[in-house]
Amino acid sequence: MNHRRILDKTFFCHDTRVVALELLGKFLVRRIGKKEISLMITETEAYDGPNDKASHAYKGKTKRNEVMFDESGLWYVYLVYGMYNMLNIVTGAKEYPAAVLIRGVERVNGPGKVTKFLKITKSFNKKKSSRESGLWIEDRGIVVHNKEIKKTPRIGVAYAGKWAKKPYRFVYKNIL
DNA sequence: ACGATGATGAAC
DNA sequence: TTCATCATCGTA
């Protein structure tokens, strides 16, 4: 059975923490010309709504974060530290600003390295996760058990007070 | 432990 | 218009 299902809005329109968990074991697929690169997602972080101080949406809608307020299943890509693009997928209901940061995939650890390896830039911002955009996520039938998932505080958000301590980072331990 | 490197948002 | 900050990473 070659089980393959491209994930769409129906997958992403749920609680961002649930989506972040369920993205582990799914495949991030990037088409460049005729070639497709598929890598299993191994590390994610949830950014949850207007009250999460670690989230870009905490202070309301801006030009940068406005896609977080749009419908789920869209890419949110932005530049940090002048060098690294961060890849997020918008989650939850429309107007509820939430997203999941894809921090790591198999053999590529670190959100800046993922985007560099897959040549993902801000040109993907606000595009839909879909085959036609050249970047999408597939379910290939891998089942990840709760015991295989490590939950930790998020990285690089020490400024966020009590939100910095919430276990919104998810790591699939069964990494190749 | 620290510098690279530039967009962003808030202050002025 | 200036300024501090930043969901990072490679080098030391």
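Each chain gets a letter, A, B and so on, in the order the sequences are listed, and its residues count up from 1.
- Side-chain contact between Pro97(A) and Ser55(A): absent, with no pair of heavy atoms (C-beta onward) separated by less than 4.5 Å.
- Between the NE2 atom in His145(A) and the NZ atom in Lys173(A) there is a gap of 13.5 Å [rounded to 0.5 Å].
- The two residues Phe27(A) and Glu106(A) have their closest heavy-atom pair at CE2-OE2, 3.8 Å.
- Glu45(A) has its CD atom 7 Å from the P atom of dT8(C), to the nearest Å.
- Taking only side-chain nitrogens and oxygens, Arg169(A) never comes nearer than 4.0 Å to OP1 or OP2 of dA7(C).
- Between the P atoms of dA4(C) and dG3(B), the separation comes to 16 Å (whole Å).
- If you measure from atom CD of Glu43(A) to atom P of dA7(C), you get 16 Å, rounded to the nearest angstrom.
- As a whole-Å value, the separation of Leu87(A) CG from dT8(C) P is 14 Å.
- Rounded to whole Å, the distance from OH on Tyr159(A) to C1' on dC6(C) is 8 Å.
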Summary of protein contacts for nucleotides 3-12 of chain B, nucleotide by nucleotide, where a base hit scores B, a sugar-phosphate-only hit scores S (4.0 Å, heavy atoms): -BBBSSSS--
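- Residue Trp163(A) contributes atom CH2, which lies 15 Å from atom C1' of dA7(C) at whole-angstrom precision.
- Look at Glu36(A) and Arg30(A) and you find no salt bridge, because none of the NZ, NE, NH1 or NH2 atoms lies under 4.0 Å from a carboxylate O.
- A pairwise comparison of heavy atoms in Phe124(A) and Val77(A) identifies CB-CG2, 4.0 Å as the closest pair.
- The only option from Asp48(A), Thr16(A), Asp15(A) that meets the side-chain hydrogen bond (donor to acceptor under 3.5 Å, both in side chains) definition with Tyr96(A) turns out to be Asp48(A).
- Note: CG (Asn109(A)) to C1' (dT8(C)) measures 14 Å, nearest angstrom.
- Seen from the ring of Tyr47(A), Arg154(A) counts as a face-on cation partner, given the 6.0 Å and 45° thresholds.
- In terms of heavy atoms, Ala46(A) sits closest to Asp52(A) at O-OD2, 4.2 Å.
- A cation-pi arrangement is absent between Lys151(A) and Phe170(A) under the rule of less than 6.0 angstrom and at most 45 degrees off the ring axis.
- Paired regions of DNA chain B, where each region holds three or more successive Watson-Crick or G-U pairs whose two hydrogen-bonding distances fall under 3.5 Å, are B:1-4 with C:8-11, B:6-11 with C:1-6.
- Between the NZ atom of Lys113(A) and the P atom of dC9(C) there is a distance of 6 Å, given to the nearest Å.
- Rounded to an integer number of Å, the gap from OH of Tyr76(A) to P of dA7(C) is 9 Å.
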